[in-house]
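One-based numbering along the sequence shown.
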Amino acid sequence: MTPPPIFPALILALILAAIRPQAAKPSTELAHVSNTFHFEIRAPLSRVAPLFGPEGERGWAGKHWNPEFLYPPSGKDIQGAVFQVQRGQHTSVWVNTLFDLAGGKMQYVAFIDQVVATTVDVKLTSTDASRTTVEVTYARTALRPAANDDVRALGDGDRDDGPGWRKDIEKCLGLEPK
């Protein structure tokens, strides 16, 4: 009995798979953290939403937030904007994947080469005509095991950012501390 014609090809494929070098897998799991915080701003959504674009954030996020726009070169807050931010020894590259001011939804994806990949989701909800609820979710993934501790530390910081963001945004809007 002769084997079907597919049989030699199958054996050859199995042999090649057995001797082909396998892609190196990290010896340690890569850290992944996700944290969400909420706060309320005493201003309408139409005043709050523009502060969550990379350019708008300059007004409240502190001197470390200084995005250098790659696209568009004019530095306009738009969906699809690409920019980089230098902080310490690292440069992160950011992409604005969603920028819906009227709907109160923004999303960013950021990478620090060989360190971390991050998504930032911002959801703004009009509580009433003069108040906006802000929800921010950071999800971070280490890109190599050596970055695991850094990613966990960033996640710990993300979890506690809400009160500082609220204070800085209210100051930027000229609101009296409550």
Side-chain angles (χ1 to χ4, degrees), residues 31-113 115-142 150-178:
H32 177 82
V33 296
S34 182
N35 290 290
T36 300
F37 58 85
H38 304 82
F39 57 92
E40 186 174 88
I41 298 292
R42 295 173 290 116
L45 188 137
S46 61
R47 280 190 70 201
V48 174
L51 298 177
F52 288 93
E55 190 63 33
E57 202 168 318
R58 285 183 201 265
W60 63 269
K63 63 183 175 184
H64 71 273
W65 183 256
N66 188 23
E68 176 188 327
F69 281 82
L70 306 173
Y71 174 82
S74 63
K76 189 174 181 184
D77 289 340
I78 61 167
Q79 184 168 312
V82 179
F83 56 97
Q84 55 190 14
V85 175
Q86 182 73 37
R87 191 163 186 182
Q89 65 183 13
H90 296 292
T91 299
S92 55
V93 177
W94 293 71
V95 179
N96 183 323
T97 57
L98 175 64
F99 195 67
D100 177 6
L101 289 175
K105 294 181 182 166
M106 297 81 181
Q107 182 183 65
Y108 298 89
V109 176
F111 291 91
I112 297 175
D113 189 35
V115 179
V116 63
T118 302
T119 59
V120 182
D121 285 294
V122 178
K123 295 178 186 162
L124 309 175
T125 306
S126 183
T127 308
D128 61 34
S130 63
R131 292 182 299 154
T132 302
T133 299
V134 178
E135 176 184 295
V136 179
T137 301
Y138 277 88
R140 299 185 188 265
T141 303
D150 293 332
V151 167
R152 289 185 192 103
L154 287 166
D156 290 343
D158 296 337
R159 186 180 322 110
D160 301 329
D161 278 344
W165 282 35
R166 182 188 56 75
K167 179 183 170 196
D168 293 341
I169 291 169
E170 286 183 344
K171 182 178 178 182
C172 176
L173 292 171
L175 302 173
E176 302 255 341
K178 201 170 181 181

For this session: Please report the shortest heavy-atom distance between H38 and E135, naming the atom on each side.
Result: NE2-OE1, 3.1 Å
Exercise. Are any side-chain N or O atoms of Q86 and backbone N or O atoms of G88, one a donor and one an acceptor, separated by less than 3.5 Å?
Worked result: yes
Exercise. Which pair of non-hydrogen atoms, one from R58 and one from P67, has the smallest distance, and what is that distance?
Worked result: NH2-O, 2.6 Å
For this session: Report the residues that fulfil ring-ring contact (aromatic ring centres under 6.0 Å, His included) with Y108, sequence neighbours left out, ordered by chain and then residue number.
Result: none
Exercise. Should D156 and R159 be marked as a salt bridge (charged side-chain N to carboxylate O under 4.0 Å, His left out) after you check the CA-CA gap, both sets of side-chain angles, and the distance that decides it?
Worked result: CA-CA 5 Å; D156 290 343; R159 186 180 322 110; 2.9 Å; yes
Exercise. Distance-only, no hydrogens or angles: does the W65 side chain make a donor-acceptor pair with backbone N or O of P54 under 3.5 Å?
Worked result: yes
For this session: Please assess V95 against Y71 for the test side chain to side chain contact (heavy atoms under 4.5 Å, CB included), listing each intermediate value before the final yes or no.
Result: CA-CA 9 Å; V95 179; Y71 174 82; over 6 Å; no
Exercise. Heavy-atom distance under 4.5 Å between the side chains of F39 and I169, does that happen here?
Worked result: yes
Exercise. Do you know the tightest heavy-atom contact between L175 and A43?
Worked result: CD1-CB, 4.5 Å
Problem set entry | Residue pair M106 / L124, side-chain heavy-atom distance below 4.5 Å | yes
Exercise. Does any non-hydrogen side-chain atom of D77 lie less than 4.5 Å from one of N96?
Worked result: no
Exercise. Is there a donor-acceptor pair closer than 3.5 Å between any side-chain N or O of D100 and the backbone N or O of K105?
Worked result: no
For this session: Look only at the side chain of T132 and the backbone of L45, and say whether a donor-acceptor pair between them is shorter than 3.5 Å.
Result: yes
For this session: Would you indicate whether the side-chain heavy atoms of L173 and V48 approach each other to under 4.5 Å?
Result: yes
Exercise. From R47 CZ over to C172 SG, what is the distance, rounded to the nearest 0.5 angstrom?
Worked result: 8.5 Å
Exercise. What do the steps show when you test E55 against K76 for salt bridge (charged side-chain N to carboxylate O under 4.0 Å, His left out), and what is the final call?
Worked result: CA-CA 7 Å; E55 190 63 33; K76 189 174 181 184; over 6 Å; no
For this session: Would you mind reporting whether F83 and E68 have side-chain heavy atoms less than 4.5 Å apart?
Result: no
Exercise. Taking side chain as C-beta onward, heavy atoms only, is Q84 less than 4.5 Å from L70?
Worked result: yes
Problem set entry | Residues T127 and T133: side-chain donor-acceptor under 3.5 angstrom | yes
Problem set entry | side chain to side chain donor-acceptor pair (under 3.5 Å) partners for T118, two or more places apart | R140
Problem set entry | Shortest non-hydrogen separation from G162 to F37 and the atoms involved | CA-CD1, 3.3 Å
For this session: Name the orientation class of the two ring planes belonging to W165 and F52 (parallel below 30°, tilted from 30 to 60°, perpendicular beyond 60°).
Result: tilted
For this session: Locate the shortest heavy-atom distance separating E40 from E170; write the atom from each residue and the value.
Result: O-OE2, 3.8 Å
For this session: Considering non-hydrogen atoms only, spot the tightest contact between G53 and F99 and give its length.
Result: CA-CE1, 3.5 Å
Exercise. Roughly how far, to the nearest 0.5 Å, is the CG atom of D161 from the CG atom of D168?
Worked result: 10.0 Å
